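Okay, so here's the structure we're looking at.
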Amino acid sequence: MKAFLIDAAAKSVAEVSIDNGLEGVKALIGFDTVDADEIDDNGDSLFFDERCHLRAEPGAPKFKVDNLAPVSGRGVVIRSSAGGRQLTDAVVGFDALKKRVTFL
C-alpha cells in the first residue's frame with residue numbers, strides 16, 4: 001500500500017510501501033502505541049505514537065499536518081477505514097502533502 005512517512009528529526013516526507021497493514025505502520029513509527037487523526041474527508045489519516053509527547057526530550061523536533069496538534073517523532077499518512085483496522089493506499093498526493101506539513 002502507498003503511504004507517506006513524515007520524520008520530524010530528518011524534516012522529511014517520503015513515499016513508502018506498507019505490505020502488512022497496521023503492523024507495518026507501527027514498524028515505521030517505531031512504537032506499538034499508535035493513534036490516528038483524520039486529515040481529509042477522503043479517509044486519509046495520520047498515524048503517530050500516542051505517547052510521543054511523553055517520550056520526547058524537551059525541544060525535540062516536531063511536525064504538524066494542517067492544524068492538527070504537533071507530533072514528535074514519526075508519522076505515517078495512509079487511508080484508513082473501519083476504525084483504523086483496514087488500510088489502503090493514501091489518496092493525497094506527495095506534493096500536496098508536503099505543502100501541508102510544517103516542521104517545528
Side-chain angles (χ1 to χ4, degrees):
M1 291 171 276
K2 178 181 83 171
F4 299 100
L5 175 64
I6 305 170
D7 187 325
K11 296 186 182 206
S12 65
V13 178
E15 186 172 329
V16 294
S17 179
I18 297 174
D19 295 325
N20 54 344
L22 190 56
E23 291 305 312
V25 170
K26 291 176 182 179
L28 286 171
I29 292 170
F31 296 98
D32 286 337
T33 53
V34 297
D35 197 1
D37 281 328
E38 199 170 276
I39 66 165
D40 279 321
D41 290 340
N42 60 21
D44 283 347
S45 294
L46 171 65
F47 286 80
F48 56 93
D49 172 23
E50 70 179 350
R51 297 182 186 160
C52 66
H53 300 296
L54 298 173
R55 298 181 211 274
E57 299 285 326
K62 296 179 177 139
F63 71 89
K64 66 179 190 166
V65 177
D66 299 330
N67 292 322
L68 294 178
V71 172
S72 296
R74 295 178 175 174
V76 173
V77 173
I78 193 165
R79 188 171 187 216
S80 69
S81 59
R85 291 185 309 273
Q86 291 182 319
L87 304 178
T88 55
D89 288 343
V91 176
V92 67
F94 178 75
D95 291 330
L97 179 62
K98 275 186 75 167
K99 291 177 185 175
R100 296 170 60 185
V101 175
T102 304
F103 295 100
L104 309 170

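The model shown is predicted, which means the values in this text are computed figures rather than measured ones. One is the number of the first residue; the rest follow in order along the sequence.
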Practice task
Quick one: do F63 and V13 satisfy side chain to side chain contact (heavy atoms under 4.5 Å, CB included)? Show the steps, please.
Solution key: CA-CA 11 Å; F63 71 89; V13 178; over 6 Å; no
Exercise for the section: Is it possible for you to say whether I39 and F94 belong to one hydrophobic cluster, with membership spreading through side-chain heavy-atom contacts below 4.5 Å? Expected result: yes
Handout entry: Spacing of S72 atom OG and D49 atom CG [to the nearest 0.5 Å]
Key = 9.0 Å
Exercise for the section: Run the salt-bridge test on R100 and D40 with the 4.0 Å N-O cut-off and return the result as yes or no. Expected result: yes
Handout entry: Heavy-atom closest pair, residues G24 and I18
Key = CA-CG2, 3.9 Å
Problem - Hphob cluster co-occupancy, L68 + F47, side-chain heavy atoms under 4.5 angstrom - result: no
Problem - K62, NZ: over 12 other non-hydrogen atoms inside 6.0 angstrom - result: no
Completion exercise
Between the CG atom in D66 and the OG1 atom in T102, the distance rounded to the nearest 0.5 Å is 8.0 Å
Problem - Shortest non-hydrogen contact from S45 toward E38 - result: OG-CA, 3.7 Å
Problem - Side chain D44, main chain A90, donor-acceptor under 3.5 Å - result: no
Problem - Minimum heavy-atom distance between V91 and R79, given as atom pair plus value - result: CG2-CD, 3.6 Å
Practice task
Kindly give the heavy-atom pair with the smallest separation between A8 and V71, and that separation in Å.
Solution key: CB-O, 4.5 Å
Exercise for the section: Please check if the side chain of D7 supplies one atom and the backbone of A9 the other of a donor-acceptor pair under 3.5 Å. Expected result: yes
Fill in the blank from the handout: When rounded to the nearest 0.5 Å, the distance separating CZ of F48 from CG of D37 is 4.5 Å
Handout entry: Hphob cluster co-occupancy, V16 + V25, side-chain heavy atoms under 4.5 angstrom
Key = yes
Practice task
With rounding to the nearest 0.5 Å, note down the distance linking CZ in R74 to CZ in F31.
Solution key: 9.5 Å
Handout entry: Taking every non-hydrogen atom, the tightest pair across V34 and I29
Key = CG1-CD1, 3.8 Å
Exercise for the section: Pick out which of L28, V92, V76, V101 makes a side chain to side chain contact (heavy atoms under 4.5 Å, CB included) with F4. Expected result: V92
Practice task
Mind checking the CZ-NZ spacing from F103 to K11? Nearest 0.5 Å is all I need.
Solution key: 8.0 Å
Handout entry: From CG (D32) to NZ (K26), nearest 0.5 Å
Key = 5.0 Å
Exercise for the section: State whether the number of non-hydrogen atoms from other residues, nucleotides or ligands found under 6.0 Å of N42 atom CG is greater than 12. Expected result: yes
